[in-house]
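Residue numbers start from 1 in every chain, and the chains themselves are labelled A, B, ... in the order their sequence lines are given, proteins ahead of strands. Since we're looking at a predicted model, the values are computed, not measured.
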Amino acid sequence: MPEPLAKAYTPSAVEKRWYETWEQNHLFDADRPERNPQDPTGRRAVDKPPFVIAIPPPNVTGILHVGHAFTFTIQDVYTRYHRMLGHESLWMPGTDHAGIATQTKIEREMRAEGLTRHDLGREKFLERVWEWKDKYGGIIIQQMRALGCSADWRRTRFTMDPAYYEAVIECFVRLHEKGLIYRGKRIINWSPLAQSALSDEEVIHKETEGKLYYFKYPIIGTKGNETEYLTIATTRPETMLGDVAVAVNPNDERYKHFIGRTLMLPLMNREIPIIADDYVEKEFGTGCVKITPAHDPNDFEIGLRHNLPQINVMDTRAVINENGGRFEGLERFDARKRVVEELQLLGLVEKIENYTHSVGYSERGGEMVEPYLSDQWFVTMKPLAEPALQVVEDGLIKFYPERWINTYRHWMTNIRDWCISRQLWWGHRIPAWYAETGEIFVGRNETEAREKAKAAGYNGPLVQDPDVLDTWFSSWLWPFATFGWPDANPDLVEFYPTSLLVTGFEIIFFWVARMIMAGIEFMPSIPLKDGSPRVELKDRIPFREVYFHNIIRDLQGRKMSKSLGNSPDPLDLIAKYGTDALRFTILYLAPLGQDIRFGEESCEFGRNFANKLWNATRFVLMKRDEYQAAHPKTEFESEDTELMASILKNPGLSKAGTGSMSDHAGGLVFGGPPPNPLLEKEWESKSLADKWILSRANRCARDVRDSFSRYEINDVTKILYDFIWRDYCDWYLEIVKIQPDSTPLAVAILEGILRMLHPIMPFVTEELWHALTGEPENVLIGRDDYITPDEGKIDDAAEEEFGMLQDTVEAMRLVRSTLKLAPSKQAEIVIQARDNSERILYILESSRAILERLGNASKLSLELGTQDYSSREYASEIRARTRVFVKIEKRTEEEIATERDRLQKELDRVLKAADQVSAKLSN
RNA sequence: GGGCAAUUGGCGCAGUUGGUUAGCGCGCUUCCUUGACAUGGAAGAGGUCACAGGUUCGAAUCCCGUAUUGCCCACCA
């Protein structure tokens with residue numbers, strides 16, 4: 001016998017225990033059918049496809065925040081949901097090495113000791129990072145357990161695992177062999193802080209207040225005494241040290257005659273040409289543009305067109321180098337000041353205007369990014385993008401919400417090459433070796449590179465590229481590298497493609513798009529389950545559905561951030577409100593496609609709901625005991641009972657699924673057809689309230705299933721909340737108090753409720769389910785069946801009829817409330833069936849006990865007719881099908897006095913409010 | 001500059017393909033500690049559905065425009 005439940009739900013008392021029980025019973029472990037011969041429950045389906053989610057790996061340095069709690073909860077809910085539907089469900093966990101983020105973190109730590117990575121050298125530095133990683137890395141993986149995450153922890157992967165490393169190198173080599181990876185000199189986004197290149201996606205453009213400086217460059221060979229000038233405008237004066245030309249539009253009448261002549265670049269005293277290029281817009285600024293190919297991407301292009309030299313005036317720290325003449329050694333912003341000052345002394349500054357323009361900042365470090373000329377590795381994206389766009393356009397991969405296709409299409413059709421080299425140490429080192437001759441040899445390791453060199457006739461020393469690969473160059477392989485690619489690992493064959501990707505839209509380019517490309521590009525080397533080659537796109541894509549959720553904001557709509565201190569710690573929330581409360585609340589607040597506003601107090605909502613469920617169960621257990629005392633033969637725990645007559649395994653569905661993921665078939669139904677013909681009669685004699693709650697329950701189950709499949713998960717929570725609280729607790733349990741015969745059905749419905757709610761609130765439902773069913777600890781609700789709707793039980797007539805009863809009850813309450821009749825006070829009540837409807841009268845009559853009790857009637861008359869009793873004697877209220885009269889009792893002097901006081905107080909309050917308003921208006 | 005969203009009672013949000021009286025939670029007012037739950041129950045107040053026009057017998061819902069807010073992309077020195 002389970003112990004009696006405490007008066008309120010205390011999450012901390014149950015969460016740890018159940019999580020350990022789940023792990024001990026291998027609830028989260030997923031395997032191929034042949035590795036999973038004995039399923040303890042005998043219900044693991046081999047005839048259904050597996051359900052797989054690969055986690056978007058959080059940074060290994062990461063600490064759980066509310067955004068994580070949100071995305072992980074969604075993933076866990078879907079994993080648990082499909083597990084209950086009988087799919088072998090695998091949630092693949094892991095972490096990302098997060099090159100820049102991690103390296104920055106360690107370097108910051110070292111700075112406190114007065115060290116830089118260069119003091120240690122590459123090898124020692126990496127040792128230190130690994131030490132840190134082993135000690136503190138992956139905290140988030142531990143924290144996910146507190147959230148109740150049901151990932152298969154045995155499979156936890158890290159993007160720098162040795163096997164993963166091999167996958168990354170293999171990928172690089174293959175793309176290089178295919179000619180899709182090249183090395184080139186380009187203007188890239190340079191982070192002076194990280195001292196590394198950044199990809200375009202790692203740069204955030206922000207409107208920034210700056211100045212637009214107008215400088216006069218003297219023209220050489222001016223006729224006459226007056227020196228002529230061209231005035232250029234720039235936002236970055238320091239780059240003028242690297243100017244190699246000034247460009248004008250070829251059709252600009254003002255400057256046409258200067259084309260071909262030369263200018264004297266001030267401060268540097270370098271003679272530079274005046275050239276014509278269409279890029280220059282006549283209307284902007286002065287119509288003259290200084291050209292600095294080494295420091296601006298557009299200038300770089302112009303420089304190529306006109307065969308101009310590239311003069312790099314900065315070093316990697318954005319300090320002026322030897323090409324900057326006497327400005328050498330100045331930091332970029334100091335140099336800017338000095339350049340302007342000196343030009344002012346020379347009288348060459350025409351004017352300086354305030355100017356707001358868009359400037360790039362590093363996503364990680366936050367510092368201003370410098371467009372910088374350097375040698376980097378690139379991936380040619382066009383050939384990869386084309387099929388990746390196609391699979392989304394063709395619906396092989398579905399986006400939820402669908403509109404993200406537009407964004408995706410736009411990016412894929414305007415895609416630019418991907419700069420994948422990073423001047424860091426923490427990451428996958430680029431597998432390229434340089435010969436003294438300048439030749440480059442790419443290989444899986446130094447031996448392979450050397451062989452290639454030999455074959456090319458080179459036998460001298462080889463030096464490996466010092467740079468590492470962009471973190472995303474490893475993440476884009478995640479859906480298959482985690483399963484051992486490039487090996488044709490049986491797990492890879494079994495579980496690829498994954499079913500669902502749950503992620504934020506902000507990484508649609510960083511990650512989602514690139515995973516799709518990688519899957520299509522690299523998976524053909526892995527055969528299908530039946531051994532045939534993997535050619536079709538549908539077998540190569542990394543996932544079939546993508547659920548883009550939105551970002552969590554604070555109650556003011558601001559982004560959660562450490563510096564604002566507006567991000568509550570999920571672990572605190574869990575300690576205070578309980579895991580289920582956090583999970584439920586966060587999902588309830590999260591409509592698909594909209595930002596979520598979240599504050600700590602919001603969790604009260606979920607906590608209250610968990611407590612409601614807890615107390616509903618307490619009540620049902622109590623009623624069940626009473627019922628059993630009155631019906632000694634009833635055995636609630638056993639399957640062949642009255643209880644199970646109304647909630648039984650549907651023989652057509654329970655074991656044999658159809659193999660399709662979308663139909664969600666398989667599982668329990670509410671009040672399925674009675675297995676025993678003898679119970680048929682029992683069913684027929686069910687009360688209106690019973691038919692109603694069964695209808696509502698099945699409607700709820702149907703809506704839940706539909707919302708799950710549309711990825712409208714906040715609807716799922718809403719539907720369950722409304723059904724459980726409003727229908728089941730507020731109405732049905734009240735009726736059970738009046739009709740003890742409904743107890744078995746109340747128990748059955750509750751059991752179903754716990755199943756439906758379990759993926760969302762795993763802890764409280766597991767606890768209550770065991771209290772209700774008395775199942776041993778190793779029999780888990782999470783491994784048992786989900787509820788599937790029996791749509792035949794959705795009974796519109798019963799709902800309509802019961803709705804009429806509800807209306808009538810509410811009308812009685814309203815009249816009583818208007819009459820200030822104390823709830824404890826009984827009253828004489830008359831209910832008329834309007835329109836002379838005998839059917840209504842019959843329904844009222846059959847539910848007389850309910851009406852009597854909920855209206856607290858001393859005498860209840862039910863009648864046909866339209867007679868109007870309302871007068872001094874009766875107060876009345878009309879509803880669609882019924883009319884209610886409540887007899888007015890004579891008040892005692894005391895009651896009248898009390899009421900007068902109350903009304904006076906009310907009047908005072910209203911008058912005061914009115915005064916305030918009119919005072920405001922006249923102001 | 002291009003694109004995508006959003007705009008509904010004090011706050012946060014629902015409202016599916018146009019159809020009676022626009023719902024919910026929080027907050028507010030009044031009442032209720034009757035043996036599930038005060039983390040609760042009952043009743044109530046509070047909305048010209050951003051604005052303007054159009055389609056329609058009928059618009060929060062469809063169309064056009066405007067405004068405001070947020071986000072994404074691009075970027076002209």
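Paired with A:F609 under the rule ring-ring contact (aromatic ring centres under 6.0 Å, His included), one option of A:W614, A:Y577, A:Y721, A:Y588 passes, and it is A:Y721. The residue from A:F510, A:F548, A:W404 that alone fulfils the ring-ring contact (aromatic ring centres under 6.0 Å, His included) condition with A:F505 is A:W404.
Rounded to an integer number of Å, the gap from NZ of A:K737 to C1' of B:U34 is 9 Å. Distance CD (A:E600) to P (B:C11): 23 Å, rounded to an integer number of Å. Here B:G41 presents its C1' atom at 12 Å from CH2 of A:W731, a figure rounded to the nearest Å. Atom-to-atom, NZ of A:K206 to P of B:A74 comes out at 16 Å; the value is rounded to the nearest Å. Across the protein-nucleic acid pair, A:Y732 atom OH and B:A36 atom P stand 17 Å apart, rounded to whole Å.
Classification of A:E877 and A:R879 as a salt-bridged pair holds, one side-chain N sitting under 4.0 Å from a carboxylate O.
Within 4.0 Å of A:D715, counting heavy atoms only, lies no atom of the nucleic acid at all. At a threshold of 4.0 angstrom between heavy atoms, the contacts of A:K282 with the nucleic acid are absent. At the heavy-atom level, A:R416 lies under 4.0 Å from the strands shown only through sugar-phosphate atoms. Residue A:Y728 is classed as having no contact, given no heavy-atom separation below 4.0 Å to the nucleic acid. Counting non-hydrogen atoms under 4.0 angstrom, A:R813 reaches the backbone sugars and phosphates but no base.
For A:K7 and A:Y279, each mapped to the nucleotide of RNA chain B holding its nearest heavy atom, the one lying further toward the 5' end belongs to A:K7. When each of A:H410 and A:R236 is assigned the nucleotide of RNA chain B with its nearest heavy atom, A:H410 is the one assigned upstream, toward the 5' end.
At a cut-off of 3.5 angstrom, counting only N and O atoms as typed in the model, there is a donor on one side and an acceptor on the other between the side-chain of A:S358 and the base of B:C75. Contact annotation: side chain of A:E734 to base of B:A36, donor-acceptor pair present below 3.5 Å.
Of the side-chain N and O atoms in A:N608, one or more sit less than 4.0 angstrom from OP1 or OP2 of B:G40. When the side-chain nitrogen and oxygen atoms of A:Y588 are compared with OP1 and OP2 of B:G12, none of them lie within a distance under 4.0 Å. Note on A:R726: a side-chain N or O is less than 4.0 Å away from OP1 or OP2 of B:G25. Of the side-chain N and O atoms in A:K825, none sit less than 4.0 angstrom from OP1 or OP2 of B:C32. Contact check, A:W725 against B:G41: a side-chain N or O comes under 4.0 Å of OP1 or OP2.
Considering only the side chain of A:K612, B:C37 comes nearest among B:A77, B:C37, B:G25. Proximity note for A:F509 (side chain, C-beta onward) versus B:C72, B:A36, B:C75: the nearest is B:C72. Listed candidates were B:A77, B:C71, B:C4. Nearest to the side chain of A:R403 is B:C4. Here B:U30 is the nucleotide among B:A43, B:G41, B:U30 with the atom lying nearest to any side-chain atom of A:K820. Distances from the side chain of A:E281 to the nucleotides B:A36, B:A77, B:A14 place B:A77 closest. The side chain of A:Y355 lies closest to B:A77 when the candidates are B:A77, B:A43, B:A5. In this structure, of B:C37, B:C75, B:A42, it is B:C37 that holds the atom nearest to the side chain of A:R618. Across B:A36, B:C4, B:C32, the shortest atom-to-atom separation from the side chain of A:P823 is found for B:C32. Considering only side-chain atoms of A:V289, the nucleotide from B:A36, B:G25, B:A77 that sits closest is B:A77.
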A:N354 vs A:K211, test: side-chain hydrogen bond (donor to acceptor under 3.5 Å, both in side chains). Steps then yes/no.
CA-CA 5 Å; A:N354 286 328; A:K211 305 235 186 283; 2.9 Å; yes
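With a 6.0 Å cutoff to the six-membered ring centre and a 45° limit on the axis angle, A:K612 does not count as a cation-pi contact of A:Y728. Taking the centre and axis of the six-membered ring of A:W731, the NZ or CZ atom of A:R853 falls outside the cone set by 45° and 6.0 Å. A cation-pi arrangement is present between A:K206 and A:Y361, with the terminal nitrogen or guanidinium carbon under 6.0 Å from the aromatic centre and inside a 45° cone about the axis.
Pair check for B:U61 finds none; no Watson-Crick or G-U wobble contact set falls under 3.5 Å. In this structure, B:G70 and B:C4 make a Watson-Crick or G-U wobble pair, each of the two defining distances being under 3.5 angstrom.
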